[in-house]
There are 2 protein chains.
Amino acid sequence: MSTRTARQDAPSTKKGRATRDRIIAAAADLMYRHGAAGTSTPALRDVAGVSSSQIYHYFADKDDLTRAVIAYQTEAILANQAPLLARLDSLDALKAWRDVVVDAARQYGGTGGCPLGSLSSELSDHDPQARDALAASFTAWATVIREGLLGMLANGSLRPQTDADQLALALLAAVQGGLLLAQAQHTTDALEAAIDTVIAHIHDQATAR
Amino acid sequence: MSTRTARQDAPSTKKGRATRDRIIAAAADLMYRHGAAGTSTPALRDVAGVSSSQIYHYFADKDDLTRAVIAYQTEAILANQAPLLARLDSLDALKAWRDVVVDAARQYGGTGGCPLGSLSSELSDHDPQARDALAASFTAWATVIREGLLGMLANGSLRPQTDADQLALALLAAVQGGLLLAQAQHTTDALEAAIDTVIAHIHDQATAR
């Protein structure tokens, strides 16, 4: 590819958008299973059922496609978790979110890790644009968790001095570290220990104990 | 390479051991910077100053070399942290360990991540032997942390019902998640938030508050 300019305009036709979406979903699946480097244009062509020229009609180059995958995975994670986090008003609601995260990891026996975490580990040191996109994704994720905790603060479930920023980052790191360890250990023990310890600490900040 | 049998015997001569060690150290550095897949025999030859035949005299194949790198990185991490963790007898000693972990990450602005965590993210889903080795490494690391916490339990610094297994896993996950996020975010904020939250919870288990 001669250009690295992102093709930011969404396709103007419904069919064009569907093709673009199909390419991104197939690329996301391949990158999740084989990494960005392990995802080739021929494999993507086969899985998405499109031609190379279609791929490069919608994406300036592989970096552009990778950024689209990061946006897609971020949207998928937040769409899954935001509704739970938006109604965080109690420790029970926080534990319900925890169960969703743990159950998802358990379903695959720990394999796969986090789609964003794995891409970050692969790309952050070598691809500044991907790193920027991933940093923004993690910030968005931490913000959604933080807003949930702020809801608990607002309704008086947590003491006023509770540091929602710090706890949101701690929960996100617990998820990332726990999922990474689950990939090697094929158990969710570390994921559960990490999230549960942060939740136990939040419990200690709760007004009603 | 025709064989996947590991060459487990250490070289019998001092010079042989030095050559083997130089190859492993060079491979560890290359894999840390470029991943296992991104580490080629020509690059390793150049960095280690050895021939291909020397590399394959000491290592049956790249998988064998990768496992030697995992053992090398595990030893390096434990050699760095075990002395601090062996004398964990107080919250202050635990915080001293925390400072070592955070300072190391801060030194490189968050780039690099954890050598074991990055290899695990890259290899666990595709290389069962590497995954086994990495799972054993993480278990060894968690065990060293756990033994430190057991020391605090033994000297009465922590309440008897404190779950050292769970807290050790939570601390390891906090380190892994925090280092992964530092790679994308180029700050140690999440690493500090995660470890400090677990330590704050341990503080709440302390007998003297």
Side-chain angles (χ1 to χ4, degrees), chain A residues 33-35 37-38 110-114 116-126 130-139 142 163 165-187 189-198 200-202 204, chain B residues 33-35 37-38 110-114 116-126 130-139 142 163 165-187 189-198 200-202 204:
Chain A
R33 288 190 285 128
H34 307 292
T111 60
C114 170
L116 292 178
S118 299
L119 283 174
S120 182
S121 181
E122 180 184 357
L123 300 172
S124 284
D125 286 348
H126 306 290
R131 187 183 76 73
D132 283 349
L134 287 158
S137 295
F138 288 131
T139 298
D163 188 338
D165 286 352
Q166 163 132 345
L167 290 173
L169 280 178
L171 283 170
L172 180 58
V175 170
Q176 288 301 320
L179 290 175
L180 186 141
L181 290 168
Q183 240 183 318
Q185 301 187 313
H186 280 193
T187 90
D189 290 354
L191 178 66
E192 295 178 59
I195 304 182
D196 289 349
T197 300
V198 180
H201 180 65
I202 294 173
D204 292 339
Chain B
R33 287 189 287 128
H34 307 293
T111 60
C114 170
L116 292 178
S118 299
L119 282 175
S120 182
S121 180
E122 180 183 357
L123 300 172
S124 284
D125 287 347
H126 307 290
R131 186 182 77 74
D132 284 349
L134 286 158
S137 295
F138 288 131
T139 298
D163 187 338
D165 287 351
Q166 163 133 345
L167 291 174
L169 280 178
L171 283 170
L172 180 57
V175 170
Q176 289 301 321
L179 289 176
L180 187 142
L181 291 168
Q183 241 182 314
Q185 300 187 313
H186 280 194
T187 89
D189 289 354
L191 178 66
E192 295 178 60
I195 304 181
D196 289 348
T197 299
V198 181
H201 180 65
I202 294 172
D204 292 339

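Below, chains carry the letters A, B, ... as their sequence lines are ordered, and counting in each starts from 1.
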Looking at [options], which makes the most heavy-atom pairs under 4.5 Å with chain B?
options: Ala37(A), Ala174(A), Ala194(A); result: Ala194(A)
options: Gly110(A), Ser118(A), Gly177(A); result: Gly177(A)
options: Glu192(A), His34(A), His126(A); result: His126(A)
options: Leu134(A), Ile202(A), Thr111(A), Leu167(A); result: Thr111(A)

Q.
For Ser137(B), which atoms come within 4.5 Å of any heavy atom of chain A: side chain, backbone, both, or neither?
A. neither

Q: Check each atom of Leu172(B) against the heavy atoms of chain A and say whether the ones under 4.5 Å are side chain, backbone, both or neither.
A: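 Interface part for Leu172(B): both.
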
Quick one: [atom1] on [X] to [atom2] on [Y], what's the gap to the nearest 0.5 Å?
X: Leu180(A); Y: Ser121(B); atom1: CG; atom2: OG; answer: 5.5 Å
X: Leu181(B); Y: Leu169(A); atom1: CG; atom2: CG; answer: 7.5 Å
X: Asp165(A); Y: Asp189(B); atom1: CG; atom2: CG; answer: 9.5 Å

Q. Between Glu122(A) and chain B, which part of the residue has a heavy atom less than 4.5 Å away: side chain, backbone, both or neither?
A. neither

Q. Should Thr139(A) and Gln185(B) count as side-chain neighbours, where that means a heavy-atom distance under 4.5 Å?
A.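 Yes. Closest side-chain heavy atoms under 4.5 Å.
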
Q: Using modelled atom types only, decide if a donor and an acceptor are shared between the side chain of Asp125(B) and the backbone of Gly112(A) within a distance under 3.5 Å.
A: yes

Q.
Below 30° counts as parallel, above 60° as perpendicular, anything between as tilted: where do the rings of His201(B) and His201(A) land?
A.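 Rings of His201(B) and His201(A): perpendicular, as their planes differ by over 60°.
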
**Q.** Worked verdict on His186(B) versus Arg131(A) for side chain to side chain contact (heavy atoms under 4.5 Å, CB included)
**A.** CA-CA 9 Å; His186(B) 280 194; Arg131(A) 187 183 76 73; 3.4 Å; yes

Name the member of [options] that forms the most heavy-atom pairs with chain A at distances under 4.5 Å.
options: Gly38(B), Gly117(B), Gly35(B), Gly113(B); result: Gly117(B)
options: Cys114(B), Ala133(B), Ala135(B), Ala173(B); result: Ala173(B)
options: Gln176(B), Arg33(B), Gln183(B); result: Gln183(B)

Q. Of the non-hydrogen atoms in Ala193(B) and Ala170(A), which two are nearest, and what is the gap between them?
A. O-CB, 3.7 Å

Q: Would you check if there is a donor-acceptor pair between the side chains of Asp196(A) and Gln166(B) at a distance under 3.5 Å?
A: no

